[in-house]
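Before any comments, here is the structure.
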Amino acid sequence: RDLLRCDGAAVYRHDDGRWRLTATVGSGLHIENVPEFRAMDFDDRAFPFFRELRRSGLVEIADRDAQDFVPAGLLKRSDVSSSLTVLLARGADPLAIIVVAHSDRSGAFSARERRVLSGLAQLGVVALTNAYLAEQLRGANRVKSEFVAAMSHELRTPLNAILGYADILRDQTLGPVQPAQLEALDRLHDRALDLLQMVQATLDLNRLEAGVPTLDWAEVTVGSFVESMRVQIPSRWMKPGVDLAFEVEGAERRLWTDTGKLHTVVRNLVHNALKFTIQGSVRISVRPGGNDTVIIEVRDTGCGIPPEQIGEIFEMFVQGGNTHTHDGVGLGLHLCRRFVTLLGGQIEVDSQTGKGSLFRVRLPVGARLVADAATTPAGDATVVVPVRL
């Protein structure tokens, strides 16, 4: 309106062969009649105006009383003496029209005014196309999230049944089992657990991506958390020649956190450390930090992370080392970063190829950061620091 020095402007959106007023600006166009016009749908076939608009893309009404595009009475009711209308279309599909109008001035619009309005229409097409694409992506993402949630639930149900029957057979509740059969059952049980953990990781990621993570805040002592973590490390993760040790300082200190998510973080870090360590040790240490924080470190003497990979390891579906020799789909470290963010902390990594890695998690011990944790950007929770092994 300002660029074209007109009295008013309006936008009509197209939907299924009909046009509806969606926005107006200016003193013209009889603002008091806008509610009436907003309630009206104009059919594509109603006036020659729309046919001409589809044909040429630009329709000028220099004098409302000397044209046959639109009934003069309708223009008079809208307080329009002259108007210029441009079509916004994506290919052959009309999206909207922009109308600029004068209340008192009649006469042709200038070439400059035509160029300006046509340029605005091109920008409008880009904006509307991007908006439609974003809406479609949001819809597709909702469908994906619902599908993943449903499939995760449906997969967990038979997996739990498989684990249950495997446990019954391993306990020899239904009768004696030969040693070779028991070994096969142990392998079946372990692989079913691996698959169940992958399903759970996928479900956790889906909840995070949907923006609806649930947090179960509770108070726990550092010592009790570490002990519960220690007894949950499966024996199948252990390797001959690799020593696993826990070190705790300030065991009676209290920590306000979501223990389930913190368990997942530490469990994933320990699993990775054991997976990539062939000889040596894995050390889990917990100690007080400054500014009312607790520091959890997982240090290994494994293969380390190549420098070119260290900036990517927290991304989805990225695995360090030789992915052909290790299980997993590359969600563990990504979930660690996201969960640490939700808990109000940071995760750091030091690594050197051939010498091992150190992952350090810093968490607040109190409840003061609970409200802030959910609004911290995921990327802010990861810090890659110089090698200090």
Side-chain angles (χ1 to χ4, degrees), residues 186-187 190-191 193-198 200-202 204-205 226 229-248 261-287 295-341 345-363 378-379 381-389:
D186 287 340
R187 291 178 180 272
D190 290 347
R191 288 305 181 183
L193 276 178
D194 289 339
L195 184 55
L196 186 61
Q197 289 165 12
M198 288 184 193
Q200 184 60 49
T202 304
D204 288 339
L205 179 62
V226 173
M229 191 71 250
R230 185 186 66 79
V231 299
Q232 288 187 24
I233 302 299
S235 59
R236 59 195 169 90
W237 288 3
M238 302 304 300
K239 298 174 184 175
V242 178
D243 179 43
L244 177 65
F246 287 81
E247 302 169 354
V248 182
K261 287 183 173 51
L262 188 54
H263 268 294
T264 299
V265 170
V266 179
R267 182 183 175 92
N268 285 344
L269 293 178
V270 173
H271 190 198
N272 277 353
L274 290 169
K275 183 166 58 174
F276 290 101
T277 302
I278 305 301
Q279 193 75 25
S281 64
V282 173
R283 294 281 187 271
I284 300 96
S285 66
V286 184
R287 69 178 190 275
I295 297 175
I296 303 172
E297 291 183 342
V298 179
R299 181 191 297 264
D300 65 66
T301 58
C303 61
I305 304 167
E308 66 272 14
Q309 292 184 9
I310 200 167
E312 305 172 353
I313 59 173
F314 290 98
E315 300 302 321
M316 285 189 290
F317 311 117
V318 172
Q319 292 178 290
N322 186 345
T323 58
H324 297 291
T325 59
H326 298 286
D327 298 326
V329 293
L331 290 179
L333 287 178
H334 180 74
L335 286 175
C336 285
R337 182 184 69 170
R338 300 289 293 272
F339 282 172
V340 168
T341 298
Q346 287 185 324
I347 184 168
E348 306 168 356
V349 55
D350 296 355
S351 189
Q352 186 173 1
T353 306
K355 292 188 176 181
S357 301
L358 169 64
F359 285 84
R360 182 182 299 112
V361 175
R362 300 176 184 270
L363 292 172
T382 305
V383 181
V384 179
V385 295
V387 174
R388 295 188 301 273
L389 292 174

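The shortest non-hydrogen separation linking Val298 to Ala273 is CG1-CB, 3.9 Å. The shortest heavy-atom contact between Arg283 and Leu244 is NH1-C, 4.5 Å. The two residues Val282 and Thr277 come nearest to each other via the heavy atoms CG2-OG1, 4.1 Å.
Contact check for Leu269 versus Leu333: side-chain heavy atoms found under the 4.5 Å cut-off. Counting only heavy atoms from C-beta outward, the side chains of Lys239 and Leu274 never approach each other to under 4.5 Å. Here the side chains of Cys336 and Ile347 are in contact, with some heavy-atom distance below 4.5 Å.
Under the 30°/60° scheme for interplanar angles, the aromatic rings of Phe314 and Phe359 are found to stand perpendicular.
Taking CZ of Arg360 as the reference point, atom CG of Asp350 lies at 5.5 Å (rounded to 0.5 Å). Distance OG1/Thr341 to CD/Gln346: 9.0 Å, rounded to 0.5 Å. Here CG of Leu331 is found 9.5 Å from CE of Met198. Values are rounded to the nearest 0.5 Å. Taken from CD1 in Ile305 to CG in Asn272, the straight-line distance is 8.5 Å, to the nearest 0.5 Å.
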Legend entry - Arg287 and Glu297: CA distance, side-chain angles, deciding distance, side-chain contact (heavy atoms from CB on, under 4.5 Å) verdict: CA-CA 9 Å; Arg287 69 178 190 275; Glu297 291 183 342; 3.2 Å; yes

Legend entry - Residues Val265, Ile296; criterion side-chain contact (heavy atoms from CB on, under 4.5 Å); working and verdict: CA-CA 10 Å; Val265 170; Ile296 303 172; over 6 Å; no

Legend entry - Asp190 vs Arg187, salt bridge (charged side-chain N to carboxylate O under 4.0 Å, His left out): CA-CA, chis, key distance, verdict: CA-CA 5 Å; Asp190 290 347; Arg187 291 178 180 272; over 6 Å; no

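Between the side chains of Arg267 and His271, not a single donor N or O lies within less than 3.5 Å of an accepting N or O.
The main-chain N or O of Gly356 is never found under 3.5 Å from a side-chain atom of Asp300 such that the two would form a donor-acceptor pair. Lys275 contributes no side-chain N or O that, together with a main-chain N or O of Trp237, makes up a donor-acceptor pair within less than 3.5 Å. In this structure, Ser357 contributes its side chain and Ser351 its backbone to no donor-acceptor pair below 3.5 Å.
More than 12 heavy-atom neighbours from other residues, nucleotides or ligands sit within 6.0 angstrom of CZ on Arg236.
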